[in-house]
Amino acid sequence: LKKEYNFMVKEICKFSPAKINLYLEVKNKRNDGFHNIESLMTFCDYGDLISVRRSNSFKFKINGPFSETLINRENLIERTVKELEILYKRKFLVSIHLKKNLPISSGMGGGSSNSATIIRCIKEIFSLTEPRFFKKFLLSLGADVPFCYYGKTAIVTGIGENVTFVDDIKEFYILLINPKIEIIATFPGRGKTPSIIIKNTDKTQATTITARPVAQTCNEKTSIDIINELDELILLMICMISLFRVLFRPYPNIQSIMQS
């Protein structure tokens with residue numbers, strides 16, 4: 001019955017949420033040139049919308065406020081489908097529609113969230129099970145893809161492969177200010193050479209969104225215990241100050257927004 005039901009699934013629509021680093025610490029540089037990090041990550045009620053349906057050929061359509069910024073760029077959604085075909089040794093003929101609400105290179109994991117959402121949609125439509133080395137496959141698509149795939153508030157360590165779920169993190173509001181300045185950074189985190197690229201576009205936008213952590217149980221007694229015992233807002237202010245100082249130091253426009 002389950003197989004018959006899944007065979008009849010023709011279209012799936014899913015929300016692809018923004019991810020938020022509630023704190024982020026770069027631990028050390030590894031022998032392979034990448035950086036180990038520790039970050040508390042969660043999701044917001046703001047993001048992209050993705051629909052996937054069976055088709056006679058692969059099709060990809062995109063619209064939304066930030067759709068034009070993806071023109072002439074490598075698209076992680078298309079790459080994800082191709083890599084899934086290699087992993088499962090079969091074709092996935094689907095038509096994908098992406099409504100792009102998240103700004104590009106904003107640090108909110110829009111591409112990683114899209115990739116993870118596409119994987120879940122295709123798995124559901126084609127009744128796929130997870131093969132061996134599936135976690136390594138997720139990581140190969142991007143350091144944030146494993147976290148986005150599991151979809152739960154977590155402490156993320158290593159280069160993104162270690163995801164430990166966290167419980168009892170409260171919901172709270174976040175003011176998202178988009179100065180239309182694109183920052184592509186391999187620091188903080190996982191790239192082999194620290195670098196930051198910035199591009200100016202146009203007007204600043206502000207949006208209030210809600211961070212909605214997912215309560216999960218966890219038995220490890222590391223940073224998680226500290227997080228669960230401290231007032232979350234105080235913790236966030238302390239942890240993010242050092243990140244802002246490093247990342248935004250070269251950019252007075254962003255610094256003025258932070259100060260105001």
Side-chain angles (χ1 to χ4, degrees), residues 1-19 30-37 39 41-43 47-62 74-98 109-166 189-192 214 216-220:
L1 289 176
K2 184 176 180 181
K3 288 185 178 180
E4 286 184 10
Y5 169 77
N6 284 334
F7 180 79
M8 294 300 294
V9 174
K10 293 183 178 180
E11 182 172 11
I12 293 176
C13 298
K14 288 187 182 292
F15 179 57
S16 183
K19 66 95 181 174
R30 297 153 42 119
N31 292 332
D32 59 9
F34 289 87
H35 293 85
N36 286 315
I37 59 108
S39 183
M41 298 186 189
T42 191
F43 296 96
D48 300 332
L49 295 174
I50 294 178
S51 64
V52 182
R53 63 179 175 84
R54 291 175 181 264
S55 178
N56 293 326
S57 62
F58 178 80
K59 301 173 184 176
F60 179 65
K61 179 182 178 181
I62 179 171
E74 180 185 8
N75 191 289
L76 189 53
I77 286 179
E78 293 179 278
R79 181 190 160 201
T80 298
V81 175
K82 291 178 182 177
E83 294 295 333
L84 278 171
E85 290 178 338
I86 294 172
L87 180 67
Y88 284 95
K89 299 179 181 179
R90 59 174 291 183
K91 288 287 185 180
F92 295 112
L93 300 181
V94 290
S95 176
I96 299 172
H97 177 211
L98 168 66
S112 296
S113 183
N114 291 167
S115 176
T117 303
I118 288 296
I119 293 170
R120 289 197 299 269
C121 287
I122 289 179
K123 280 185 61 186
E124 187 171 339
I125 289 175
F126 293 94
S127 303
L128 303 176
T129 58
E130 294 181 4
R132 291 183 61 192
F133 310 116
F134 186 71
K135 292 182 179 179
K136 289 184 178 181
F137 167 75
L138 294 176
L139 188 65
S140 72
L141 293 169
D144 289 332
V145 173
F147 165 74
C148 292
Y149 177 79
Y150 295 118
K152 301 172 184 176
T153 301
I155 292 283
V156 178
T157 58
I159 60 173
E161 73 275 22
N162 303 316
V163 181
T164 306
F165 303 133
V166 176
R190 302 89 189 259
K192 290 193 174 183
V214 181
Q216 293 291 324
T217 59
C218 179
N219 296 323
E220 292 193 18

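Just the heavy atoms: all of them, side chains too, but no hydrogens, waters or symmetry mates, feed the values below.
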Rounded to the nearest 0.5 Å, what separation is found between the OG atom of Ser57 and the NZ atom of Lys91?
11.0 Å

One should read off an interatomic distance between Lys14 NZ and Ile50 CD1, to the nearest 0.5 angstrom, of 10.5 Å

Verdict with supporting geometry, Thr153 and Phe165, side-chain contact (heavy atoms from CB on, under 4.5 Å):
CA-CA 6 Å; Thr153 301; Phe165 303 133; over 6 Å; no

Arg120 (side chain) donor-acceptor with Tyr149 (main chain) under 3.5 angstrom:
yes

For the residue pair Phe147 and Phe43, does the interplanar ring angle fall in the parallel (under 30°), tilted (30 to 60°) or perpendicular (over 60°) class?
parallel

The reported gap from OG1 in Thr117 to CD1 in Ile122 (rounded to nearest 0.5 angstrom) is 11.0 Å

Spacing of Ile77 atom CD1 and Leu98 atom CG [to the nearest 0.5 Å]
4.5 Å

Heavy-atom nearest pair, Asn36 first then Ile159, reads OD1-N, 4.2 Å

With a 3.5 Å cut-off and sequence neighbours excluded, list the donor-acceptor pairs that the side chains of residues 78-89 form with protein atoms.
from, atom 1, to, atom 2, distance (Å)
Arg79, NH2, Ser140, O, 2.8
Thr80, OG1, Leu76, O, 2.6
Thr80, OG1, Ser115, OG, 2.7
Glu85, OE2, Phe92, N, 3.0
Tyr88, OH, Thr129, O, 2.8

Grab the two heavy atoms, one from Arg53 and one from Glu11, that are nearest each other, plus how far apart they are.
CB-CB, 3.6 Å

Lys19 vs Val156 side-chain heavy atoms within contact, under 4.5 Å:
no

Check for a donor-acceptor pair, side chain of Ser16 on one end and backbone N or O of Ser113 on the other, with a separation under 3.5 Å.
yes

What's the shortest heavy-atom distance between Leu93 and Asn56, and which atoms?
CD1-O, 3.5 Å

Using a 4.5 Å cut-off on heavy atoms from C-beta on, say whether the side chain of Val94 contacts that of Phe58.
yes

Work out which heavy atom in Cys148 is nearest to a heavy atom in Ala116; give both atom names and the distance.
C-CB, 3.6 Å

How many angstroms lie between atom CG of Asn114 and atom CD1 of Ile62, to the nearest 0.5 angstrom?
8.0 Å

Could you list the residues that satisfy side-chain contact (heavy atoms from CB on, under 4.5 Å) with Asn162, not counting sequence neighbours?
Thr157

Locate the shortest heavy-atom distance separating Pro146 from Ala143; write the atom from each residue and the value.
CD-O, 3.6 Å

Please report, to 0.1 Å, the donor-acceptor pairs under 3.5 Å made by any side chain of residues 132-139, with sequence neighbours excluded.
none

